[in-house]
2 protein chains.
Amino acid sequence: MDQLSVTFAALADPTRRAILARLTEGPATVKELSEPFDISGPAISKHLRVLEKAGLITRGREAQWRPCRLDATPLEEVAVWAENYRRFWDANYARLDALLTEMKENDR
Amino acid sequence: MDQLSVTFAALADPTRRAILARLTEGPATVKELSEPFDISGPAISKHLRVLEKAGLITRGREAQWRPCRLDATPLEEVAVWAENYRRFWDANYARLDALLTEMKENDR
DNA sequence: CTCTTACCTAACCACTTGGTTATCTAACCT
DNA sequence: AGGTTAGATAACCAAGTGGTTAGGTAAGAG
């Protein structure tokens with residue numbers, strides 16, 4: 001699978017996006033990351049492995065803790081990819097705008 | 001599942017992203033969309049249903065054809081989401097830059 | 001009316017995913 | 001040394017995914 005697919009797949013889970021959001025406030029241990037969710041430790045471990053394979057986090061070692069930190073670089077590719085479609089969602093607004101104008105015309 | 005998760009999941013497949021890319025050039029029938037890929041018709045049908053449920057395409061009816069057209073509006077949410085992380089990938093560049101500067105310093 | 005074309009649905013298969021519990025390692029604390 | 005804490009791994013399970021083939025429907029063409 002290509003990098004972009006792996007990234008999108010990693011982002012397709014709300015728990016994983018919440019973990020990323022938490023990591024914007026700074027590094028955190030696995031325990032800290034798992035606190036907001038009522039799922040088991042191993043489940044969190046799996047999510048972290050998915051994020052790590054997608055290159056979205058990196059993990060260090062400090063005694064018995066394995067602190068995670070955000071690495072947002074793959075998200076730039078996501079942003080660039082999405083931005084290429086901007087003219088199409090803009091186009092929809094343009095079309096809607098045209099429709100509304102037409103309706104006003106017909107009203108008169 | 002929330003809208004964003006469904007959108008990301010839909011985008012996590014290269015075939016589906018290729019279909020979206022093709023649709024930027026204008027509406028297309030299912031047959032036309034399936035041509036570039038050597039997978040069966042039903043497989044394409046499934047991909048289209050995923051895209052439709054994600055709100056990324058709409059489908060009309062014209063005689064025996066069911067023309068698909070792009071609806072990029074869910075991608076705006078994706079772009080906005082990713083943009084919120086811009087400062088973090090920028091931060092990485094900043095850190096890398098600092099590192100390179102430091103290495104140059106040490107070289108002298 | 002029959003044939004072909006475009007497309008969908010159903011049933012099936014192998015593989016992946018998101019979760020679990022149970023068990024292990026590694027480091028710190030008495 | 002023994003106990004606790006942080007975390008990973010293994011084995012398992014239900015549900016979802018991406019593909020297949022077979023068969024169905026609906027519309028245009030001869």
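Given the structure is predicted, the values throughout are model-derived calculations rather than measurements. Naming: A, B, ... by sequence-line order, numbering from 1 per chain.
Applying a 4.0 Å cut-off to non-hydrogen atoms, none of the residues of residues 51-60 of chain B approaches DNA chain D.
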Can you run through DNA chain C from 5' to 3' and write each base as (, ), [, ], | or . depending on how it pairs? Watson-Crick or G-U wobble, both distances under 3.5 Å. ||||||||||||||||||||||||||||||
Derivation of the side chain to side chain contact (heavy atoms under 4.5 Å, CB included) call for A:C68 and A:T29: CA-CA 6 Å; A:C68 302; A:T29 68; over 6 Å; no
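Summarising the geometry of B:A79 relative to A:W89, their closest heavy-atom pair is CB-CH2, 3.7 Å, with the distance given to 0.1 Å.
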Distance-only donor-acceptor hits, side chain of residues 5-20 of chain B, under 3.5 Å, sequence neighbours excluded:
{"residue": "B:S5", "atom": "OG", "partner": "A:R17", "partner atom": "NH1", "Å": "3.0"}
{"residue": "B:S5", "atom": "OG", "partner": "A:R17", "partner atom": "NH2", "Å": "3.1"}
{"residue": "B:S5", "atom": "OG", "partner": "B:D2", "partner atom": "OD1", "Å": "2.6"}
{"residue": "B:S5", "atom": "OG", "partner": "B:D2", "partner atom": "OD2", "Å": "3.3"}
{"residue": "B:T7", "atom": "OG1", "partner": "B:Q3", "partner atom": "O", "Å": "2.9"}
{"residue": "B:T7", "atom": "OG1", "partner": "B:Q3", "partner atom": "NE2", "Å": "2.9"}
{"residue": "B:D13", "atom": "OD1", "partner": "B:T15", "partner atom": "N", "Å": "2.8"}
{"residue": "B:D13", "atom": "OD1", "partner": "B:T15", "partner atom": "OG1", "Å": "3.4"}
{"residue": "B:D13", "atom": "OD1", "partner": "B:R16", "partner atom": "N", "Å": "3.3"}
{"residue": "B:R16", "atom": "NE", "partner": "B:A10", "partner atom": "O", "Å": "2.7"}
{"residue": "B:R16", "atom": "NH1", "partner": "B:H47", "partner atom": "ND1", "Å": "3.1"}
{"residue": "B:R16", "atom": "NH2", "partner": "B:A9", "partner atom": "O", "Å": "3.2"}
{"residue": "B:R17", "atom": "NH1", "partner": "A:S5", "partner atom": "OG", "Å": "3.0"}
{"residue": "B:R17", "atom": "NH1", "partner": "B:L11", "partner atom": "O", "Å": "2.7"}
{"residue": "B:R17", "atom": "NH2", "partner": "A:D2", "partner atom": "OD2", "Å": "2.7"}
{"residue": "B:R17", "atom": "NH2", "partner": "A:S5", "partner atom": "OG", "Å": "3.1"}

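Hydrophobic clustering, defined by side-chain heavy atoms of Ile, Leu, Val, Met, Phe, Trp and Tyr closer than 4.5 Å, leaves A:V50 isolated from every other such residue.
Side-chain contact between B:R22 and B:E32: present, with at least one pair of heavy atoms (C-beta onward) separated by less than 4.5 Å. Side-chain contact between A:L23 and A:R69 is absent, with no heavy atoms from C-beta onward closer than 4.5 Å. Using a 4.5 Å heavy-atom cutoff, the side chains of B:V78 and B:L4 are in contact. A 4.5 Å side-chain heavy-atom check between A:W81 and B:L75 finds at least one atom pair inside the cut-off.
Where DNA chain C meets chain A (any atom under 4.0 Å from a heavy atom), the bounding nucleotides read 5' to 3' are C:dG18 to C:dC28.
With A:L70 as reference, A:T24 is the one residue of A:T24, A:L56, A:L51 to meet the side-chain contact (heavy atoms from CB on, under 4.5 Å) rule.
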With sugar-phosphate taken as primed atoms, P, OP1 and OP2 and all else as base, the protein-contact string of nucleotides 11-30 of chain D at under 4.0 Å (heavy atoms; B, S, -) is -------BBBBB----SS--
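Distance check: A:E76 CD to B:F88 CZ gives 14.5 Å after rounding to the nearest 0.5 Å.
Annotation for B:E25: atom CD counts as buried by contact number, over 12 foreign heavy atoms lying within 6.0 Å.
Comment: A:E52 does not engage A:R49 in a salt bridge, judged by the lack of any side-chain N to carboxylate O separation of less than 4.0 angstrom.
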